Number of protein chains: 2
Amino acid sequence: MENHPFSPQQLKHCHLSVLHTLEKGTLIYSQGEIAKAFYFVQHGLIGLYHILESGKESLLRIYHTNDYFGFRTLFGENRYHCTAKVLVEATLIHIQPDNIQQFVQHNPDVGHFLLKTLANELQDAEHRLAKAAYNKSLDKVIDSIYFLTETYPEYCWTYREIAEYAGCETETAIRISKELKRNGLLKNTPHPSKLQKSSV
Amino acid sequence: MENHPFSPQQLKHCHLSVLHTLEKGTLIYSQGEIAKAFYFVQHGLIGLYHILESGKESLLRIYHTNDYFGFRTLFGENRYHCTAKVLVEATLIHIQPDNIQQFVQHNPDVGHFLLKTLANELQDAEHRLAKAAYNKSLDKVIDSIYFLTETYPEYCWTYREIAEYAGCETETAIRISKELKRNGLLKNTPHPSKLQKSSV
DNA sequence: CGTTAGTTTGAGGCAGATCAACTTTGGTGG
DNA sequence: CCACCAAAGTTGATCTGCCTCAAACTAACG
C-alpha cells in the first residue's frame, strides 16, 4: 500500500524471479497450497479470493502496482487461505526467502513494512466483519463500489465482483446500483460495467 | 496463543506495569483511542469489541492467560479499532515500548511471535468474513458456540455474547440453540448460560 | 426489594436469497 | 465477416430466514 520504501531488488537472502505478463484469469496460487514464497506487483491487478465449502467466493483483497502480497502465510499457518487470481494482465516478482527468520532480520525495513501492512489488513477485515453482520446490503454495496472504483479506477468492476466484495448476490448488487442511479447517487452510464461514482 | 516462548519480564526497551485484579466490565482501552502500549494477560479473560456507528457491537477476539493483545495498533494505524473489556476478573501487564522500531529489533523473538499472531488473526477474520456473507445463522451460531465453549470453557458465555461473536441477534442465537438442544446436538442444561457442546 | 441484565417466546414484516428466463457483450474459430 | 458460445447483465416472481418489536420472566445485586 502507498509508497513502498524499497524495491524487491534490494532484498537479501531470497531468490527472485519474474513472472511476465500473466494474462487475466491466471491463478498465482490456490487456497490450501503450502506457501513457499510471496509476490510483488510490478504492474497489473490481483484479486485474493476465499472460497467456502459451498463454493461461494468472497473477494477479500486487491493488489496493484507496487504492492506486496501472499506474505501473511509465511508468518502464520504455512498454507494460503486465499486464492490469488489475475484481474488485469500483470507482471509479478516471485520472492522466495531462503529462511524466513533470517530474511526478516536482514531486511528490517521490509519486515516492518509487511508487519504494518498486515496490521492494516486485519483492521480492515474486522471492520468489514462487523459491517457484514449488522449492516444492510445497501450500505455494503455502496461501500464496495466506492472503495473499488476509487482505489482501482483503472479497472471496470463487474457486478459479480462488486457483490463478491460486498458479500451479497450479483442480482442484489445490480438492483441496488439501479436504485442508486435512479436517485442520482451513481452516475448513469450506458455500459453497465463502466460504473462511476459521483458522490459519497 | 499456545505456549509463549517468553514472558514480559524478559522484554527490553519498554516500560512494564501491572494492572491488578481488574473487575468484570472494566474497559482496558476504547475504540479510537491513540495507542501507546499493548498488554499481556496474566490471568482472566478479555474481549475485544468493534462498535459500529449504529451502536451494534461485534465480539471479534478473546484473550486469556499468556496471551498478548493490543499490539496490532502499534504497527499499523495508531488508534485502537476495538474496545477491550474485562470478561473475567483479570490481571494484566501493561507494556509500553520506548520506541517500536527499537523494541522489535531488540526483542526479535517477541517481534516474530506477534507477527505470527497477527497473521493468524487475519486468517481467522477473513474466514469469518466469508462465512458472514454466505452462511446462515445456524452455521455461524454452531461455529461460535463450539469455538467459545471449547477454547474458553472456564467462562459461561451468554447468548448475547454468542450472538455478538456469531454476528446475529440474541433472539436468533437462543432460538437456534433451543433447536439444537431439541435435536440433541447441544447438551440440554438447566442453566441457560452453562452451554456445553456434545458433538461436532 | 427495586433495579438492572440476560432470557425466552410470539407475531409480523421485509430484505435479500433463490430460481428462471431472456438480453447483451465480447471473443473465437471456421 | 459471420456464427457461435461463454460470461455478464437484467428483470420478474417467489419464498424464507431472521430482524424487529413487544412483553413477560428470572437471576443477581446493592
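Here is the naming used below: chain letters follow the sequence lines, and residue numbers restart at 1 for every chain. Remember, it's a predicted structure, so these values are computed and weren't measured experimentally.
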Quiz item: Parallel, tilted or perpendicular: which describes the rings of B:Y63 and B:F69, with under 30° parallel and over 60° perpendicular?
Solution: parallel
Quiz item: Do side-chain atoms of B:W157 reach the backbone of B:S144 as a donor and acceptor pair under 3.5 angstrom?
Solution: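 Looks like no, no N/O pair under 3.5 Å.
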Between atom [atom1] in [X] and atom [atom2] in [N], what is the gap in whole Å?
X	N	atom1	atom2	answer
A:I162	D:dG9	CD1	C1'	12 Å
A:E179	D:dT10	CD	P	15 Å
B:W157	C:dT7	CH2	P	13 Å
A:N135	C:dC14	CG	P	20 Å
A:L138	C:dA15	CG	P	10 Å
A:Y134	D:dC18	OH	P	13 Å
A:R182	D:dT10	CZ	C1'	13 Å
A:K85	D:dA7	NZ	P	11 Å

Selected nucleotide, minimal atom distance to [X] side chain, candidates [options]:
X	options	result
B:K178	D:dT10, C:dT9, C:dA17	C:dT9
B:E169	D:dC18, C:dT7, D:dC19	D:dC19
A:R175	D:dT10, D:dT20, D:dT11	D:dT11
A:R160	D:dG17, C:dA20, D:dG9	D:dG9
A:T158	D:dG9, C:dT9, D:dG12	D:dG9

Quiz item: Within 45 degrees of the axis of the six-membered ring of B:Y49 and under 6.0 Å from its centre: does B:K85 put its NZ or CZ there?
Solution: yes
Practice problem: Select from B:E171 and A:K140 the residue whose nearest nucleotide in DNA chain C is closer to the 5' end of that strand. | Solution: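 Counting from the 5' end, the first nearest nucleotide belongs to B:E171.
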Quiz prompt | Option passing side chain to side chain donor-acceptor pair (under 3.5 Å) with B:E179 (candidates B:R175, B:K181, B:R182) | solution =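 Result: among B:R175, B:K181, B:R182, B:R182 is the only option passing the side chain to side chain donor-acceptor pair (under 3.5 Å) with B:E179.
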Exercise. Would you kindly compare A:K136 and A:T170 by the position of their nearest DNA chain D nucleotide and give the one closer to the 5′ end?
Key: A:T170
Practice problem: Return the 5'-most residue of the pair A:A133, A:I174 with respect to DNA chain D, ranking by each residue's nearest nucleotide. | Solution: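 Upstream on the strand: A:I174.
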Self-check item: Phosphate OP1/OP2 of D:dG17 contacted by B:S137 side-chain N/O (<4.0 Å)
Solution: no
Quiz item: Can you find a side chain N or O atom of B:T172 that sits less than 4.0 Å from OP1 or OP2 on D:dC19?
Solution: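 True: B:T172 side-chain N/O within range (under 4.0 Å) of D:dC19 OP1/OP2.
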Practice problem: Using salt bridge (charged side-chain N to carboxylate O under 4.0 Å, His left out) as the criterion, point out the one residue from A:D139, A:D143, A:D124 that pairs with A:K131. | Solution: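 That would be A:D143; it is the only one of A:D139, A:D143, A:D124 passing the salt bridge (charged side-chain N to carboxylate O under 4.0 Å, His left out) with A:K131.
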